[in-house]
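Below is one structure, written out as structure tokens; the observations come after it.
These values consider heavy atoms only, across backbone and side chains, with no hydrogens, waters or symmetry-generated copies. This is a predicted model, so every value here is computed, not measured. In the text below, chain A, chain B and the rest are named by the order of the sequence lines, each starting its count at 1.
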Amino acid sequence: MNAPPLAQIVNAWYRDNARDLPWRREGFPAWGILVSEFMLQQTPVIRVLPRLDEWLRRWPTPADLAAAPAGDAVRAWANLGYPRRALWLHAAAVQITERHGGVVPRSVEDLLRLSGVGDYTARAVAAFAWGERHPVVDTNTRRVIARAVKGQAEPAPPSAVRDLADMTELLPDPDDEARQFNAAAMELGAMVCTARSPLCAECPIAAQCVWRAAGYPDYAGPRKAVQKKYEGSDRQVRGLILAALRSAHEPLADVAVEPLWPDAAQRTRALEGLVADGLAVRTARGVTLP
DNA sequence: CACCCGTGGCC
DNA sequence: TGGCCAAGGGT
């Protein structure tokens, strides 16, 4: 007797084990899905939850956010990290208001034209907010496919074409099952088939897992680029300056920026970078959020 | 394509 | 302690 297809097993597991996350609840608005996807780009779920709730209370529609200064978005972003995402989300809200009558677009094509929306986010919104049939592939899904299907400890570096083709092959025929599998594969990767210490004893597809069957061979493909040290980096200095700007309620004079970092050249470089990115603005009285 | 972009928690 | 990781995207 053949085992059920992978997707069917994972979906059954998902129905019993999925976390109750706000963006999975019935009736959660497309705008809320979009905001959550922005916030979840490289930021853990647990840190997103409170910020998402605040954000949607304050700006319940794209038009509400579009009407606010971009700096308000950057301040509300708080410590989620990568504050350019706040700027992009604000820009996307303006674009949605101007180009789409205030309604989050439904097609991947239109979604991809929004600031800060790439291959993952466009498909996630189309699939999860609008129920469109698309492969949705994030880092969790790529890891699950690498292990369970390809027998590799880690996925190769992301490749949109290959990743989407891999996932398309796994999607079950019924649209609702396909949609659920997109979420279920991500959930499995996030909760069971984790990067560091996968919980194979709890995995619903352990029996089908090619990596497990092969004896958990080490990853042999190209290594991930080593990320540069954060301590002492420009990113750290930008973060310090931006934190000061977020908490300040009037423009920051140069003398207020100086104590944030000892190296003047690096301080200047970081500040110029923030200005160039639109995260900071120079005024006669000092530097502020946009 | 390589590199850049925050922040915090974990082992 | 420090490297790694987290629902990526832009340039």
Side-chain angles (χ1 to χ4, degrees), chain A residues 14 18-19 21-24 28 32-52 74 77-89 91-92 111-129 134-144 153-161 163-164 167 181-191 193-198 219 222-246 269-270 272-274 276-280:
Chain A
Y14 180 80
R19 290 168 291 175
L21 298 171
W23 47 87
R24 290 176 178 166
F28 200 74
I33 304 273
L34 179 65
V35 174
S36 75
E37 293 299 349
F38 266 81
M39 291 184 169
L40 288 164
Q41 291 168 5
Q42 301 288 283
T43 300
V45 168
I46 187 63
R47 283 170 51 204
V48 163
L49 293 174
R51 295 292 88 75
L52 176 66
V74 175
W77 198 256
N79 62 343
L80 288 179
Y82 290 144
R84 290 191 293 187
R85 290 182 294 159
L87 225 44
W88 290 334
L89 179 52
L111 285 162
L112 280 172
R113 292 197 190 98
L114 301 176
S115 300
V117 174
D119 287 316
Y120 164 76
T121 303
R123 287 175 179 79
V125 171
F128 300 144
H134 293 290
V136 181
V137 182
D138 78 331
T139 186
N140 292 305
T141 303
R142 296 194 307 106
R143 188 171 54 249
V144 169
E154 296 173 32
S159 151
V161 172
D163 294 342
L164 293 176
M167 188 59 172
F181 182 61
N182 280 319
M186 291 168 62
E187 184 76 351
L188 186 67
M191 303 305 293
C193 194
T194 59
R196 289 189 179 111
S197 43
Y219 178 65
R223 290 308 296 183
K224 242 168 262 175
V226 285
Q227 64 176 13
K228 283 173 66 178
K229 193 162 100 173
Y230 181 71
E231 199 66 28
S233 67
D234 283 7
R235 296 164 76 172
Q236 182 182 22
V237 184
R238 287 169 57 110
L240 289 170
I241 295 174
L242 204 57
L245 290 177
R246 279 197 306 262
R269 192 165 64 240
E272 292 308 316
L274 290 173
D277 289 345
L279 283 165

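- Rounded to whole angstrom, the span from the CG atom of A/L87 across to the C1' atom of C/dG10 amounts to 13 Å.
- Proximity of a side-chain donor or acceptor of A/R246 to a complementary backbone N or O of A/V74 within less than 3.5 Å is not detected.
- Residue-to-nucleotide proximity on DNA chain C shows that, of A/N140 and A/G116, the 5′-proximal contact is made by A/N140.
- Atom CG in A/L52 sits about 17 Å away from atom C1' in C/dA6, given to the nearest Å.
- As a whole-Å value, the separation of A/L114 CG from C/dG9 P is 12 Å.
- The distance between atom CZ of A/R142 and atom C1' of C/dA6, rounded to the nearest whole Å, is 13 Å.
- For the pair A/Y219 OH and C/dC4 C1', the computed distance is 15 Å after rounding to whole Å.
- Looking at heavy-atom distances under 4.0 Å, A/R24 makes contact with a base.
- Within the 4.5 Å cutoff, the side chain of A/F38 has heavy atoms near those of the A/W88 side chain.
- The distance from atom CG of A/D163 to atom P of C/dG9 is 12 Å, rounded to the nearest whole Å.
- Spacing of C1' atoms, C/dA7 relative to B/dC11, comes out at 23 Å, to the nearest Å.
- When side chains are defined from C-beta on, A/V125 does not count as touching A/Y120, because their heavy atoms never get closer than 4.5 Å.
- Rounded to a whole angstrom, the distance from the P atom of B/dG6 to that of C/dT11 is 14 Å.
- As judged by a 4.0 angstrom heavy-atom cut-off over every strand, A/I241 is placed among residues making no nucleic acid contact.
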Completion exercise
Quick tally for nucleotides 6-11 of chain B: nucleotides whose base has a protein heavy atom under 4.0 Å get B, sugar-phosphate-only ones S, the rest -, giving BBSB--

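- Here the side chains of A/P158 and A/R142 are in contact, with some heavy-atom distance below 4.5 Å.
- Inter-residue side-chain proximity for A/R19 and A/V45 is flagged as met; some heavy-atom pair is nearer than 4.5 Å.
- Residue A/W77 contributes atom CH2, which lies 12 Å from atom P of C/dG8 at whole-angstrom precision.
- Within 4.0 Å of A/V48, counting heavy atoms only, lies no atom of the nucleic acid at all.
- Comparing the C1' positions of C/dA6 and B/dC1 gives a spacing of 23 Å, expressed to the nearest Å.
- Here the shortest heavy-atom pairing between A/R238 and A/D277 reads NH2-OD2, 2.7 Å.
- Within 4.0 Å (heavy atoms only), A/A124 reaches no atom of the nucleic acid at all.
- In terms of modelled atom types and a separation under 3.5 Å, the side chain of A/Q42 and the main chain of A/Y82 share no donor-acceptor contact.
- Considering only the side chain of A/K224, C/dC5 comes nearest among C/dC5, C/dG10, C/dA7.
- If you check every strand for non-hydrogen atoms under 4.0 Å, A/T194 touches nothing.
- Using a 4.5 Å heavy-atom threshold, the side chains of A/R51 and A/N79 count as touching.
- No engagement by A/S197 is indicated, since no non-hydrogen atom pair under 4.0 Å with the nucleic acid exists.
- Rounded to an integer number of Å, the gap from A/D119 CG to C/dG9 P is 7 Å.
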